[in-house]
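Proteins get letters first, then strands, A, B, ... in listed order; numbering begins at 1 in each.
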4 protein chains.
Amino acid sequence: MHRGNRHGRSEEARLAVLQAADDLLVEHGFARLTVEAIAQKAGVAKQTIYRWWPSKTDILLDAFLTDAAEELAPPDTGDLAADVRAHLTAVARFLTESDAGAVFRALTAESLHDPRLATRLRAEHLTAQRARDRLPLERAVARGDLPAGTDLDILVDRLVGPLYYRALVTGEEITADYIAAVSSLWSC
Amino acid sequence: MHRGNRHGRSEEARLAVLQAADDLLVEHGFARLTVEAIAQKAGVAKQTIYRWWPSKTDILLDAFLTDAAEELAPPDTGDLAADVRAHLTAVARFLTESDAGAVFRALTAESLHDPRLATRLRAEHLTAQRARDRLPLERAVARGDLPAGTDLDILVDRLVGPLYYRALVTGEEITADYIAAVSSLWSC
Amino acid sequence: MHRGNRHGRSEEARLAVLQAADDLLVEHGFARLTVEAIAQKAGVAKQTIYRWWPSKTDILLDAFLTDAAEELAPPDTGDLAADVRAHLTAVARFLTESDAGAVFRALTAESLHDPRLATRLRAEHLTAQRARDRLPLERAVARGDLPAGTDLDILVDRLVGPLYYRALVTGEEITADYIAAVSSLWSC
Amino acid sequence: MHRGNRHGRSEEARLAVLQAADDLLVEHGFARLTVEAIAQKAGVAKQTIYRWWPSKTDILLDAFLTDAAEELAPPDTGDLAADVRAHLTAVARFLTESDAGAVFRALTAESLHDPRLATRLRAEHLTAQRARDRLPLERAVARGDLPAGTDLDILVDRLVGPLYYRALVTGEEITADYIAAVSSLWSC
DNA sequence: GATTAAGCGAGACGGTACGTCCTGTCTTACA
DNA sequence: TGTAAGACAGGACGTACCGTCTCGCTTAATC
């Protein structure tokens with residue numbers, strides 16, 4: 001369907017491209033995520049893709065950011081241990097089971113080859129994600145459940161680092177027990 | 001010198017290929033690691049490569065395993081905290097600074113797209129690496145510095161997980177302070 | 001200059017390919033007439049060649065037909081013997097000395113291995129060539145110099161067959177005497 | 001089966017190679033006549049082939065010469081016209097219908113690309129064949145049926161040329177009428 | 001009878017070309 | 001002016017053969 005006009009880019013084409021990229025990745029893997037395949041699946045000309053995205057990983061990042069995948073907001077029950085466990089469980093599910101997680105893993109993989117993508121991924125996703133990861137801890141500090149002056153950045157790393165390690169490196173399952181063990185940190 | 005015959009492949013060609021793959025990756029990055037470039041740099045026919053390796057990532061894994069990259073044996077001074085800190089420092093340096101670490105990062109990235117490679121990488125490297133990572137802890141258990149019955153696997157994850165997370169995901173520097181904070185674990 | 005678009009192929013690329021094929025054959029022989037060499041010499045992508053020609057012999061046939069190689073129109077002086085001799089001389093020169101003849105010999109050779117090419121070569125060149133070969137005879141019939149009802153097709157074969165035989169099979173020179181002997185046919 | 005020894009080449013291997021080449025050509029055409037296919041079909045090592053034949057066309061020529069294909073000896077009834085017609089009929093059948101003719105056409109085709117092969121083909125087959133083609137004419141001269149001093153070489157060309165032309169170039173059928181027309185030559 | 005050297009089947013080697021796929025650029029006609 | 005369509009130059013893919021080589025076996029003449 002044509003949407004060419006003189007009033008800016010076609011939102012229709014944009015969404016079709018993002019959807020096609022997402023679908024192709026989830027269905028067929030990164031190897032078959034080609035610009036040509038996206039264009040064909042989206043019913044869009046290659047030139048339209050190149051006009052708006054510098055590379056296929058930028059498409060994927062856009063698709064990832066557009067998705068509601070960002071809804072990993074931690075709960076706030078006032079119980080630090082419980083809130084952290086619940087949040088880590090959500091993070092683990094995102095990383096290992098969701099479609100958005102598959103896209104995130106692919107983007108992370110590519111970012112290891114492509115510093116430009118790494119920068120974008122950090123700026124446009126990881127920063128916000130880490131802010132969300134910090135929330136339960138900040139609240140705990142505010143409540144006095146954690147000592148003021150605690151280095152929350154390092155604490156976040158020690159909580160989510162093992163999850164990413166399992167999800168991205170060893171591939172082992174992330175069980176409730178694992179999360180419990182990982183989050184037994186401030187009890188020191 | 002040719003060594004082609006029915007009784008075995010050419011060791012010369014094999015080593016030239018592994019060296020070329022390693023060099024190309026470190027010098028020019030994964031994007032320019034093509035089978036053709038490896039063949040040319042190694043002075044080898046493409047067919048020889050395809051005869052012995054299913055894909056270029058298999059070459060890279062072979063190169064990685066052949067390298068002295070395996071020399072991450074932890075020290076044994078009898079001081080758990082010091083041994084762990086020293087080992088984590090070596091792991092961090094491997095991950096972020098060494099040529100072998102660059103190869104490892106590329107392999108990890110590809111393994112996120114390729115389950116077959118993930119399986120090989122885990123079986124032929126990660127298992128042994130994790131065994132090395134456990135060593136200081138096992139010795140501590142033997143010495144009575146850690147309680148018998150401690151789940152060392154999870155402990156390993158909690159120690160190295162944050163390092164891999166920084167090295168592979170956030171890209172932040174891994175400082176001595178970071179290692180100190182991460183390894184203040186059994187003091188609980 | 002690019003001319004690729006939905007409304008037609010690039011005439012520039014087409015001509016460059018035909019010229020390159022012709023040149024490569026005449027300069028280096030059929031053995032070195034590879035698609036890659038044609039593409040390189042023509043400054044054209046291999047895919048462009050495969051898009052428009054099924055095989056390199058089709059390129060060569062196109063080049064042959066495009067050339068002015070078709071200018072073997074026989075003279076018409078009203079003297080049957082002289083016209084035939086002149087025409088056979090031109091045919092012999094074409095077969096043995098011209099660049100176009102080299103292409104024709106190569107195409108004939110390949111057509112012996114490839115029935116599809118044989119069909120095309122006959123339909124798109126030989127038929128027209130034989131029509132030209134018939135012309136002096138048809139004129140002679142019209143003039144009454146040859147009896148009406150003469151089987152001109154067989155007569156053409158008897159005139160040009162020995163020439164092709166020498167040019168393609170025995171390799172012997174085609175002299176004026178030879179042509180004179182061959183064309184002393186209707187004097188019976 | 002091994003036949004290695006220090007007293008010369010294996011006749012068994014030689015015949016297997018010739019047979020395999022012949023079979024492959026007749027069954028699958030020249031395109032699939034590769035040294036590797038011949039070696040495999042003959043149960044022979046490639047090296048054995050390269051030891052004894054410079055190229056696959058030399059194998060084919062050997063196969064052709066070894067075959068009883070040479071038995072195109074013309075009859076001798078004392079009737080020039082009949083003898084020539086019978087011989088031309090046999091030549092036509094050889095060229096267009098026999099397996100040996102298929103090999104000959106392939107060799108002729110290749111000889112148009114390969115002067116070395118052309119020389120061999122002429123020296124080792126065509127010369128003898130033309131001698132056989134001359135025989136009826138020489139006998140006729142001896143009998144006085146043809147004038148002494150007739151240029152028999154040109155006469156041979158005028159008789160067989162049209163047959164080769166049809167068989168190799170136009171692909172038209174060679175009928176009895178065609179042969180009758182072609183051989184009505186000395187009646188002038 | 002043991003030695004030895006040539007021919008052999010096997011098959012790995014460096015290399016070239018194949019025909020395909022995808023990249024990123026371009027041109028055109030349409031809306 | 002943005003778009004769908006698609007041809008373009010370029011480059012890597014994985015495959016098929018080329019002609020060369022090395023290997024270990026078999027065999028028959030020589031020691």
**Student:** Do D:Leu33 and D:His28 touch side chain to side chain, with heavy atoms closer than 4.5 Å?
**Tutor:**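 D:Leu33 vs D:His28: side chains apart.
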**Student:** Figure out the CD1/P separation between B:Ile38 and F:dA12, and round it to whole Å.
**Tutor:**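 That distance rounds to 12 Å.
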**Student:** Sub-3.5 Å donor-acceptor pair from the side chain of A:Arg122 to the main-chain atoms of B:Val169, do we have one?
**Tutor:**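 A pair under 3.5 Å: yes.
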**Student:** B:Glu11 has an atom CD; how far is it from atom P of E:dA12, in whole Å?
**Tutor:**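 Computing the B:Glu11:CD to E:dA12:P distance gives 15 Å.
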**Student:** Which is more 5' along DNA chain E, the nucleotide nearest A:Pro54 or the one nearest C:Arg32? Just name the residue.
**Tutor:**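 Here C:Arg32 is the residue nearer the 5' end.
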**Student:** Whether D:Asp114 and D:Arg120 form a salt bridge (side-chain N of Lys/Arg under 4.0 Å from carboxylate O of Asp/Glu) is what I want to check.
**Tutor:**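 The answer is no: the pair does not qualify as a salt bridge.
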**Student:** I want to check something: taking the side chain as every heavy atom from C-beta on, are B:Lys46 and B:Val35 in contact at a cut-off of under 4.5 Å?
**Tutor:**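 They are in contact (side-chain heavy atoms under 4.5 Å apart), so the answer is yes.
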**Student:** Specify the separation, in whole Å, of atom CZ of B:Arg9 and atom C1' of E:dA10.
**Tutor:**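 Whole-Å distance recorded here is 18 Å.
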**Student:** Within this structure, what is the CZ-to-C1' distance between C:Phe30 and E:dA17, rounded to whole angstrom?
**Tutor:**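 Computing the C:Phe30:CZ to E:dA17:C1' distance gives 13 Å.
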**Student:** Please tell me which of the listed nucleotides, E:dG19, F:dC18, F:dG14, lies nearest to the side chain of C:Glu36?
**Tutor:**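 In terms of side-chain proximity for C:Glu36, the closest of E:dG19, F:dC18, F:dG14 is E:dG19.
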**Student:** Atom CZ of B:Arg14 to atom C1' of E:dA12: distance rounded to whole Å?
**Tutor:**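 Interatomic distance, CZ of B:Arg14 to C1' of E:dA12: 16 Å.
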**Student:** Answer yes when A:Glu27 and A:Lys41 have at least one side-chain N-carboxylate O distance shorter than 4.0 Å, and no when they do not.
**Tutor:**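 Yes.
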**Student:** Provide, to the nearest angstrom, the distance between the CH2 atom belonging to D:Trp53 and the P atom belonging to E:dG7.
**Tutor:**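 Checked: the CH2 to P distance equals 13 Å.
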**Student:** To the nearest Å, how far apart are D:Asp58 CG and F:dC18 P?
**Tutor:**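 It works out to 14 Å between those atoms.
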**Student:** Please report the distance, rounded to the nearest Å, between CD in C:Glu12 and C1' in E:dT27.
**Tutor:**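 Atom CD in C:Glu12 sits about 13 Å away from atom C1' in E:dT27.
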**Student:** Where along residues 42-51 of chain B does a heavy atom come under 4.0 Å from DNA chain E, residue by residue in number order?
**Tutor:**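 Residues of residues 42-51 of chain B that come under 4.0 Å of DNA chain E are, in numerical order, B:Gly43, B:Val44, B:Ala45, B:Gln47, B:Thr48, B:Arg51.
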**Student:** What bend angle does the helix from E:dG1-F:dC31 to E:dA31-F:dT1 show across its length, from five-pair end axes and to the nearest 10 degrees?
**Tutor:**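 Roughly 0°, once rounded to the nearest ten degrees.
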**Student:** First locate atom CD of B:Gln19, then atom OG1 of B:Thr66, and finally report the distance between them rounded to the nearest 0.5 Å.
**Tutor:**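 Taking CD in B:Gln19 and OG1 in B:Thr66, the distance rounds to 10.0 Å.
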**Student:** I'd like to check D:Leu117 versus D:Leu61 (side-chain heavy atoms, cut-off strictly below 4.5 Å). Are they in contact?
**Tutor:**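 When only atoms from C-beta onward are counted, D:Leu61 and D:Leu117 do touch, with a gap below 4.5 Å.
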**Student:** Among residues two or more places apart or on two chains, list those pairs meeting ring pair (Phe, Tyr, Trp, His ring centres under 6.0 Å) that have a residue in residues 33-61 of chain D.
**Tutor:**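 Sorted pair list comes back empty.
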**Student:** Which class fits the ring pair A:His125 and A:Phe64: parallel under 30°, tilted 30 to 60°, perpendicular over 60°?
**Tutor:**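 The rings of A:His125 and A:Phe64 stand perpendicular, inter-plane angle above 60°.
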**Student:** Report yes if a side-chain nitrogen or oxygen of D:Trp52 is closer than 4.0 Å to either non-bridging phosphate oxygen (OP1 or OP2) of E:dC8; otherwise report no.
**Tutor:**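 Checking E:dC8 against D:Trp52, a side-chain N or O does come within under 4.0 Å of OP1 or OP2.
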